[in-house]
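In the text below, chain A, chain B and the rest are named by the order of the sequence lines, each starting its count at 1.
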Amino acid sequence: MPLSPDSLGVPASIAGSRPRVRFAPSPTGYLHVGGARTALFNWLYARHYRGTLILRIEDTDAERSTPEMVEGILQGMRWLGLNWDEGPFFQTDRVETYRGVAATLLASEHAYYCFCSKEDLEIRRAQATAEGRPPRYDGTCRNISSEEAARRKSGGEAAVVRFKVPQSGSTAFDDAVFGRVEFANAEVEDFVLLRSDNGPTYHLSVVADDIKMRITHVIRGADHISNTPKQVMIYEALGVPMPIFAHVPLILGPDKTRLSKRHGATSVLAYREEGIIPEAFRNFLALLGWTAPEGTPEILGDERLISLFDLNAISRSDAVFDRAKLDWFNTEYIRSYPSEKLLPLIEEEWAKAGIKNQIHDRQSLLATIELLKPRARSLKDFATSLRAFFTDDFETDPAATAKFLKDESVRQILIELAQRYETCDDFSEPGMEKLLRDLAAEKNVKAGALINGARVALTGQGVAPSLFAVMMALGKDRTVKRLKEIPF
RNA sequence: GGCGGGUUCGUCUAGGGGUCUAGGACACGGCCCUCUCAAGGCCGGUACACGGGUUCAAAUCCCGUACCCGCUACCA
């Protein structure tokens with residue numbers, strides 16, 4: 001694959017080298033659809049430019065981060081097939097680094113100690129809001145001399161470290177998706193870098209790590225746009241070149257509000273449970289906020305996705321998660337996957353459902369899957385509605401029985417049909433069809449009535465492929481047996 | 001409230017002054033096919049948030065309004 005030059009104006013310091021990107025989830029929740037899409041974009045970008053994807057766990061919020069969530073995120077990444085090249089790194093392992101950066105900022109007077117208590121701040125914020133003033137930090141400790149601060153600090157007084165935000169001017173950055181974004185510095189408060197427990201806040205740790213890990217492109221959710229100037233200020237204070245920022249629009253629920261538990265699946269792993277093929281999910285997610293060049297079909301396997309993906313085609317507006325379209329991608333992938341490729345995925349479904357496949361001949365098994373593929377919407381179907389093709393241990397759908405087998409005479413004719421099948425020596429599609437149609441004519445019933453009834457008897461479902469193809473898939477013995485033993 | 005961003009069919013989007021009586025995909029409706037259900041084939045409806053400008057000409061540029069989203073923490 002030829003490497004195209006980065007069209008985004010990579011700074012000279014970075015140009016020529018491979019991009020290093022990172023996915024940096026916070027283990028305070030599952031890997032949800034939005035996070036997954038961000039991870040995917042990073043992955044696609046890294047793979048497109050043959051760069052490096054780093055996985056970094058931002059677990060500096062001790063209150064809310066849990067090991068279970070870390071595990072869930074890793075599982076989600078693995079299921080999605082988003083392999084990373086470095087990490088996972090945990091920010092809690094790196095607090096010394098952050099303290100070092102904070103010390104640097106303190107020393108250069110870009111930061112200062114603040115002794116205001118959380119409670120005081122709370123009160124002042126409430127007051128400010130009540131008086132119609134913006135609830136920003138009021139700078140009480142901003143002018144405490146470094147000597148006094150050091151004295152109070154060593155005297156055991158609790159303090160946080162705040163960044164000294166310039167009081168005038170503005171801070172801007174060129175976003176690869178949104179273009180130039182500018183904020184008045186007066187709008188930015190002196191934010192906290194180091195908490196009173198000496199732990200870093202997000203702004204400190206991201207910047208420190210992105211520098212340390214030599215990140216070239218920060219591809220993350222648009223919810224971080226408003227925070228970016230703070231980070232830009234840190235880069236500037238440190239005199240370190242900035243990465244390129246690329247903020248990707250959010251994914252919303254069908255009601256156009258932020259995607260949440262209310263909208264169903266929280267964790268991407270829920271889609272594994274629903275029988276979604278990872279590659280289909282990737283394809284679907286990629287097209288949520290990113291558009292392939294005009295004329296490109298929407299079914300884009302990994303290879304094409306990787307070769308086509310770039311930051312400049314990312315949309316600026318939020319996208320609504322459309323489950324129906326996901327399902328469409330899934331059916332397309334099921335249909336396009338060769339049975340050999342589908343088989344292991346289907347076997348997982350059987351394992352989950354406790355199904356023991358009874359088709360031991362591999363060729364027959366693959367042929368059966370081939371027959372069923374066009375009708376499956378989900379991998380799960382192979383363990384539910386299509387179960388009867390693989391095991392005798394299946395149940396018959398009462399609704400199907402009520403619709404096609406309510407007539408006792410049909411049942412009787414099917415038993416007769418079974419007898420004819422049993423004694424015939426040419427078990428073939430046309431052969432079986434002829435026997436059935438002849439019998440229908442003899443009994444003066446519509447062939448369709450027998451066909452539909454037989455379908456329910458053979459598959460337990462009112463919906464299945466062409467009946468005679470079904471018979472071939474089941475084989476003579478099972479076909480005869482099931483026709484004879486129609487359940488009520 | 002302040003700040004930032006967004007707004008083209010129900011959804012994802014194309015389009016970036018004339019080629020737009022606005023294109024594609026999913027979804028939806030109808031017909032055909034038919035042994036069920038899909039699939040497939042054919043046909044169809046539906047969109048430039050609103051109001052002002054600028055211009056010979058605006059979905060496309062500017063301003064305002066509305067609505068939506070985000071941020072506004074010792075969360076990330």
Student: Give the nucleotide from the list B:A25, B:C74, B:A76 with an atom nearest to the side chain of A:Asp61.
Tutor: B:A76
Student: With a 4.0 Å cut-off on heavy atoms, is A:Gly295 in touch with a base, just the backbone sugar-phosphate, or nothing at all?
Tutor: nothing
Student: Could you measure between the two C1' atoms, the one in B:U60 and the one in B:C3, and give it in whole Å?
Tutor: 28 Å
Student: Could you tell me whether A:Ser226 contacts a base, only the sugar-phosphate backbone, or nothing, with contacts defined as non-hydrogen atoms closer than 4.0 Å?
Tutor: base
Student: Can you find a donor-acceptor N/O pair under 3.5 angstrom joining the side chain of A:Ser466 to the base of B:C35?
Tutor: yes
Student: Could you please name the partner base of B:A66, counting Watson-Crick and G-U wobble pairs only when both distances are under 3.5 Å?
Tutor: B:U7
Student: What nucleic acid atoms does A:Glu189 come within less than 4.0 Å of, heavy atoms only: base, sugar-phosphate, or nothing?
Tutor: sugar-phosphate
Student: NA contact type, A:Pro249, heavy-atom cut-off 4.0 Å: base, sugar-phosphate, or nothing?
Tutor: nothing
Student: Show me the side-chain donor-acceptor pairs of residues 162-170 of chain A shorter than 3.5 Å, one per line, residues at least two apart or across chains.
Tutor:
unit_1	atom_1	unit_2	atom_2	d
A:Arg162	NH1	A:Asp190	O	2.6
A:Ser170	OG	A:Glu182	OE2	2.6

Student: Quick one: is B:G2 close enough that its OP1 or OP2 comes under 4.0 Å of any side-chain N or O from A:Arg136?
Tutor: no
Student: Which part of the nucleic acid, if any, lies within contact of A:His224, taking any heavy atom under 4.0 Å across all strands shown: a base, the sugar-phosphate backbone alone, or nothing?
Tutor: base
Student: Which residue, A:Val463 or A:Ala324, contacts RNA chain B at a nucleotide closer to its 5' end, judged by nearest heavy atom?
Tutor: A:Ala324
Student: Say we look at B:G2 and B:C61: how far apart would their C1' atoms be, to the nearest angstrom?
Tutor: 28 Å
Student: Provide, to the nearest angstrom, the distance between the CG atom belonging to A:Asp322 and the C1' atom belonging to B:C12.
Tutor: 7 Å
Student: From B:C71, B:U36, B:U11, pick the nucleotide closest to the side chain of A:Asn452?
Tutor: B:U36
Student: If the P atom of B:C43 is compared with that of B:G23, how far apart are they to the nearest Å?
Tutor: 15 Å
Student: So, A:Arg56 and A:Ser205: side-chain donor and acceptor under 3.5 Å apart, yes or no?
Tutor: no
